[in-house]
2 protein chains.
Amino acid sequence: MKTRRPLADSTAVHDQVYEAIRQALITGRIAPGKGVSLRSLAAELSVSPMPVRDAVRRLVAERALAINPVNKRLSVPSLSADRLEQLSMARLWVEPELAARAAARADTGLVRQLQAIDSDLDEALRLGDVDRYMAANHAFHFALYERAGAEVLLAMAGGLWLQIGPFMRVVFGRVGADVLVADRHAEAIEAIRAGDVDGARRAIAADLSEGMEKMRVAVEAAL
Amino acid sequence: MKTRRPLADSTAVHDQVYEAIRQALITGRIAPGKGVSLRSLAAELSVSPMPVRDAVRRLVAERALAINPVNKRLSVPSLSADRLEQLSMARLWVEPELAARAAARADTGLVRQLQAIDSDLDEALRLGDVDRYMAANHAFHFALYERAGAEVLLAMAGGLWLQIGPFMRVVFGRVGADVLVADRHAEAIEAIRAGDVDGARRAIAADLSEGMEKMRVAVEAAL
DNA sequence: TCCCAATAATTGTGATCACAGTTTTCCGAG
DNA sequence: CTCGGAAAACTGTGATCACAATTATTGGGA
């Protein structure tokens with residue numbers, strides 16, 4: 001296919017490829033431990049290997065993909081209890097911090113936005129729609145975090161979510177989405193509405209802590 | 001130049017390019033805010049644009065290089081007090097944690113290694129050799145952190161150092177290396193030798209805290 | 001001296017090919 | 001049926017070219 005992209009203001013192909021692989025990783029469409037290749041990904045996405053190469057470099061740098069140091073082949077990082085523990089600790093530091101900063105800068109618009117996302121999340125949960133639940137959960141957290149105005153920390157959080165993505169799918173695959181009903185989102189929203197910075201921090205910390213604990217149990221059972 | 005790389009066990013060209021640019025960034029040979037280009041970097045390093053492209057993708061993902069979202073041009077991220085504050089907070093969480101974990105797994109070999117690096121560091125300081133000091137300082141911290149056996153956290157720390165690199169050069173450029181004489185390395189070594197995990201955490205936290213405060217002052221003065 | 005248009009140089013992006021190393025496939029000997 | 005080795009397919013890497021877009025330069029009219 002020799003079609004050329006005519007304009008530059010449109011998002012570059014390698015960015016679309018990045019997003020496609022990222023989603024496939026998070027939603028578990030590419031299983032952890034599985035090997036992938038530039039050309040196979042390119043064929044699957046109907047693009048040339050070139051933009052895939054760019055996207056993959058980025059994902060490797062973000063540790064969402066691993067590269068075998070000896071034969072240089074690509075694979076999805078395997079899940080390990082050790083990795084999960086480190087990712088949990090890191091999330092448990094960064095994300096409550098982002099939540100606290102966001103709470104300090106929140107307004108009624110943010111509160112309404114979070115409420116809307118959370119009700120969408122509840123509906124997805126009620127319907128048992130795992131994909132929609134995961135999307136809504138991601139949307140909730142990052143709508144909040146973005147308000148913190150902390151670019152560096154936000155990027156760290158994004159990288160951690162990307163690495164944790166495959167773990168989440170394992171949990172859902174094992175126990176189903178219904179186990180995750182109990183979240184602390186309402187608690188967080190209430191704290192944000194009240195301008196309670198430290199309450200928002202605690203609510204998000206509790207939300208994460210409980211979620212990660214479920215993952216820990218699921219992973220331990222899976223290994 | 002059409003010379004082909006004959007072997008695959010040797011490090012790939014794009015890795016060498018990555019390391020070269022990384023070093024140039026950390027040591028401040030490429031000034032913050034300055035624009036760079038694939039072809040100029042390639043010419044400077046006497047390689048084709050291709051491996052540079054790979055290395056740059058990686059550096060952008062690690063936020064050691066920035067990419068203008070409108071004209072897609074590359075530049076070195078500018079220093080800002082806000083960015084420094086976030087990087088400081090992140091380092092102040094990750095690195096003491098790594099130090100603590102390393103202290104729990106330390107042996108006499110590590111202690112000797114750290115002592116050797118630290119005496120090299122002191123000599124560099126005495127000679128006023130900034131490059132050597134920075135290399136030794138990096139070596140000290142990461143010789144310690146690697147012992148933690150925490151790959152995820154170690155990678156986070158590495159990324160943070162890369163982002164903080166340009167800031168360090170500003171400090172040295174302004175005040176000279178002699179200001180940084182007072183570090184907490186001896187304190188940290190002693191804690192590690194004694195198996196005092198929390199002491200190691202505190203020593204590294206103090207070391208970082210003092211260093212970052214100096215950077216903060218320097219950056220504030222520079223802006 | 002100043003300013004604006006036209007040209008030239010430079011930029012990131014994508015496609016395609018070449019190459020060497022590794023992995024898989026496959027077929028025939030035992 | 002099993003095993004081993006040769007051939008084929010596939011892998012990441014690097015070079016080179018094309019293209020559209022942006023930036024720099026230059027020249028001439030006011």
Side-chain angles (χ1 to χ4, degrees), chain A residues 1-22 25 30-31 33-77, chain B residues 1-22 25 30-31 33-77:
Chain A
M1 202 178 297
K2 290 178 188 298
T3 54
R4 283 243 168 228
R5 179 181 47 92
L7 46 160
D9 54 303
S10 160
T11 58
V13 177
H14 65 81
D15 280 326
Q16 302 176 15
V17 170
Y18 169 82
E19 209 51 51
I21 301 178
R22 174 190 165 97
L25 247 31
I30 313 180
K34 194 188 170 198
V36 294
S37 80
L38 297 182
R39 287 174 177 86
S40 65
L41 288 170
E44 205 161 331
L45 298 169
S46 306
V47 295
S48 93
M50 200 65 241
V52 176
R53 193 167 155 178
D54 286 342
V56 161
R57 283 265 176 250
R58 191 170 157 193
L59 288 162
V60 168
E62 290 168 330
R63 302 197 146 57
L65 284 178
I67 179 168
N68 185 325
V70 1
N71 59 359
K72 278 110 183 290
R73 268 177 162 80
L74 289 171
S75 61
V76 183
Chain B
M1 198 178 301
K2 290 179 188 296
T3 53
R4 285 242 167 229
R5 178 182 49 92
L7 49 160
D9 54 302
S10 160
T11 57
V13 177
H14 71 260
D15 279 327
Q16 301 176 13
V17 171
Y18 169 82
E19 208 51 51
I21 301 178
R22 174 188 165 99
L25 247 31
I30 313 180
K34 195 186 170 198
V36 295
S37 80
L38 298 180
R39 287 174 178 86
S40 66
L41 287 170
E44 205 161 331
L45 298 167
S46 306
V47 296
S48 94
M50 200 63 240
V52 176
R53 194 168 156 179
D54 286 343
V56 161
R57 284 265 175 253
R58 190 170 159 193
L59 289 162
V60 168
E62 290 169 330
R63 307 199 180 271
L65 283 178
I67 179 167
N68 185 324
V70 354
N71 58 0
K72 280 108 183 291
R73 269 180 162 78
L74 290 169
S75 62
V76 183

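Note that the coordinates shown come from a computational prediction; the quantities given were computed from them, not determined experimentally.
Near-neighbour residues of DNA chain C inside residues 53-64 of chain B, defined by a heavy atom below 4.0 Å, number-ordered: R53(B), R57(B).
Distance CG/L41(A) to CD1/I21(A): 4.5 Å, rounded to 0.5 Å. The NE2 atom of H14(B) sits 10.5 Å away from the OH atom of Y18(B) when rounded to the nearest 0.5 Å.
Looking only at side-chain heavy atoms (C-beta outward), R58(A) and D15(A) come within less than 4.5 Å of each other.
With distances taken from any side-chain atom of I67(A) to the nucleotides dT16(D), dT13(D), dG14(C), the minimum falls on dT13(D).
dG12(C) atom P lies 21 Å from atom OH of Y18(A), rounded to whole Å. Atom-to-atom, CG of L45(A) to C1' of dG14(C) comes out at 15 Å; the value is rounded to the nearest Å. Summarising the geometry, the separation between CE on M50(B) and C1' on dA18(C) is reported as 14 Å, rounded to the nearest angstrom.
For the pair N71(A) and S48(A), both in contact range of DNA chain C, the more 5′-proximal nearest nucleotide belongs to S48(A).
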Set out, line by line, the N/O atom pairs under 3.5 Å between protein and nucleotides 8-11 of chain D.
{"from": "dT11(D)", "atom 1": "OP1", "to": "S37(A)", "atom 2": "OG", "distance (Å)": "2.9"}
{"from": "dT11(D)", "atom 1": "O4'", "to": "R73(A)", "atom 2": "NH2", "distance (Å)": "2.9"}

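Shown here for S75(A) and G33(A), the closest heavy-atom pair between the two residues is CB-O, 4.4 Å. Between A61(A) and A61(B), the shortest heavy-atom distance links the atoms CB-CB, 3.6 Å. Closest heavy-atom contact between A55(A) and V17(A): CB-CG1, 3.7 Å.
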For this session: Carefully, step by step, assess R53(B) and R53(A) under the rule side chain to side chain contact (heavy atoms under 4.5 Å, CB included).
Result: CA-CA 10 Å; R53(B) 194 168 156 179; R53(A) 193 167 155 178; over 6 Å; no
Problem set entry | Trace of the side chain to side chain contact (heavy atoms under 4.5 Å, CB included) decision for L65(A) with L25(A) | CA-CA 9 Å; L65(A) 284 178; L25(A) 247 31; 4.2 Å; yes
